[in-house]
Protein chains: 2
Amino acid sequence: MRDRNSGYGYCPNDEACPVEYTLDVIGGKWKGVLLYHLIEGPKRFNEFRRICPGVTQRMLTLQLRELEEDGVVHREVYKQVPPKVEYSLTDFGKTLIPIISLMKNWGETYKQSV
Amino acid sequence: MRDRNSGYGYCPNDEACPVEYTLDVIGGKWKGVLLYHLIEGPKRFNEFRRICPGVTQRMLTLQLRELEEDGVVHREVYKQVPPKVEYSLTDFGKTLIPIISLMKNWGETYKQSV
DNA sequence: CAGCATCCAAGAAGATACTG
DNA sequence: CAGTATCTTCTTGGATGCTG
């Protein structure tokens, strides 16, 4: 999922790779949920932990860092005590909103049918 | 990605889970590409291997099996020699087309920008 | 509060060889 | 052609303890 270089060298087909590229950005184990919650507005670290009790501290950190690296999420550190860090969607990240919304709708519609 | 039972018990938030559920169906390493190619029409096993040289035989089998289990893909075995197996989207699978298309468009648009 | 470091277990994925 | 089986490697992820 992270081997952007090796992973996409394999597939010479220009029509196929965009889908895989998109999944590389949003397909992490928790990225979908995190992004979905960020649509509503900025969130703090422990806010995520409350919303999704299943995600560990470590995973939350890692997933947020990857989203940050991909330029999808902005990490704002407020220099104060106690520390406060806020995560929000970048403008680039906002371009993903239609996809996340569609996925949300699809999930809502078909979750019970499987 | 496969632990549908344990994975979703964790998250009590009904608004978040649909996204994760959708990703569980289409978020596998190769599922996006496979589904994308199936939009064009039915494909055979080795056809996929030609289109995506990066996917191993084993992975291709596993991913197709999971898509089949999820009712997204239909596997038609023609009883003949040499054997012929055709994979196609089910009606249920076709409901995913809008999502895949959006992901394709997004990937095409932003692939270079990262 | 928002993490990082370390260690360890479990699972995903690759390589290779073989089959109806 | 379309797989299966097995073995090994690599990556993910969880648990725990510590910090500015």
Side-chain angles (χ1 to χ4, degrees), chain A residues 1-11 20 23-34 37-38 42-69 73-88, chain B residues 1-11 20 23-34 37-38 42-69 73-88:
Chain A
M1 201 63 97
R2 277 292 96 189
D3 56 344
R4 205 150 294 170
N5 290 334
S6 61
Y8 294 96
Y10 285 119
C11 189
E20 208 62 14
L23 278 173
D24 191 42
V25 175
I26 65 175
K29 190 169 182 182
W30 295 99
K31 290 182 185 177
V33 222
L34 299 183
H37 286 294
L38 284 175
K43 293 274 173 298
R44 298 179 60 174
F45 192 81
N46 279 353
E47 229 172 320
F48 280 124
R49 300 193 65 194
R50 273 191 296 278
I51 301 172
C52 301
V55 63
T56 60
Q57 222 168 22
R58 177 187 144 86
M59 275 301 101
L60 186 53
T61 305
L62 290 175
Q63 298 278 289
L64 285 169
R65 286 292 176 284
E66 290 194 359
L67 289 170
E68 203 188 342
E69 277 174 36
V73 159
H74 173 68
R75 180 167 176 267
E76 182 75 31
V77 182
Y78 297 87
K79 276 228 159 191
Q80 58 184 49
V81 184
K84 174 179 171 180
V85 178
E86 238 179 28
Y87 295 90
S88 57
Chain B
M1 201 62 97
R2 274 289 99 188
D3 57 344
R4 202 151 296 170
N5 289 334
S6 61
Y8 294 97
Y10 284 120
C11 187
E20 208 61 15
L23 278 172
D24 191 42
V25 175
I26 65 175
K29 191 169 183 183
W30 296 100
K31 291 181 185 177
V33 221
L34 300 183
H37 285 294
L38 284 174
K43 293 274 173 299
R44 298 179 61 174
F45 191 82
N46 278 353
E47 229 173 319
F48 280 123
R49 300 193 65 194
R50 274 191 295 279
I51 302 172
C52 302
V55 63
T56 59
Q57 224 166 21
R58 176 190 144 85
M59 273 302 100
L60 186 53
T61 305
L62 290 175
Q63 297 278 287
L64 285 168
R65 287 291 177 284
E66 291 193 359
L67 289 170
E68 201 188 344
E69 277 173 37
V73 158
H74 172 69
R75 179 166 176 267
E76 181 75 31
V77 182
Y78 296 88
K79 277 230 158 190
Q80 60 185 47
V81 182
K84 174 180 174 180
V85 177
E86 238 178 31
Y87 294 91
S88 57

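Throughout, protein chains are lettered first and strands after them, A, B, ... in sequence-line order, and every chain is numbered starting at 1.
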From A:L38 atom CG to A:E86 atom CD, the distance as rounded to the nearest 0.5 Å:
10.0 Å
To the nearest angstrom, the CG-P distance between A:N46 and C:dC1 comes to 6 Å
DNA chain D: A:P83 or A:R58, which has the more 5' nearest nucleotide?
A:R58
Considering non-hydrogen atoms only, spot the tightest contact between A:G28 and A:Q63 and give its length.
C-OE1, 3.5 Å
Would you verify whether the NZ or CZ of B:K43 falls within 45 degrees of the ring axis of B:F48 while also being under 6.0 Å from that six-membered ring's centre?
no
For A:R44 and A:P83, work out which heavy atoms get closest and say how close.
NH2-O, 3.6 Å
In whole angstroms, how far is the C1' atom of D:dA2 from the CD atom of B:E47?
13 Å
Check the distance between C:dA13's P and B:Q63's CD and give it to me in whole angstrom.
6 Å
Using a 4.0 Å heavy-atom cut-off across all strands, classify A:R75 as base, sugar-phosphate, or nothing.
sugar-phosphate
To the nearest 0.5 Å, atom CG of A:L62 lies from atom CG of A:L67 at 11.0 Å
Rounded distance (Å) that lies between atom P of D:dA2 and atom CD of B:E68:
14 Å
Touch class at under 4.0 angstrom, heavy-atom based, for B:R65 against every strand present
sugar-phosphate
Would you say a side-chain N or O of A:Y87 is under 4.0 Å from OP1 or OP2 of C:dG3?
yes
Between P of D:dG3 and NZ of B:K79, the distance in whole Å:
14 Å
Strictly below 4.0 Å: does B:T56 bring a side-chain N or O up to OP1 or OP2 of C:dG14?
yes
Candidate nucleotides D:dA2, D:dG14, D:dG17, ranked by approach to the side chain of B:K84 - the nearest
D:dA2
Out of D:dT4, D:dC1, C:dA13, which has the shortest distance to the side chain of B:T61?
D:dT4
Closest nucleotide among D:dT6, C:dA2, D:dC1 to the B:R44 side chain
D:dC1
Report which part of the nucleic acid B:F48 touches: base, sugar-phosphate, or nothing (heavy-atom distance under 4.0 Å, all strands).
nothing
Under 4.0 Å between any heavy atoms, over every strand shown, what does B:Y78 touch: base, sugar-phosphate, or nothing? Just pick one.
nothing
Grab the CE-C1' distance between A:M59 and D:dT12 for me, whole Å please.
6 Å
When the distance from CG of A:L64 to P of C:dG3 is rounded to whole Å, what number comes out?
8 Å
Gap between atoms CG and C1', on B:L60 and D:dT4 respectively (whole Å):
14 Å
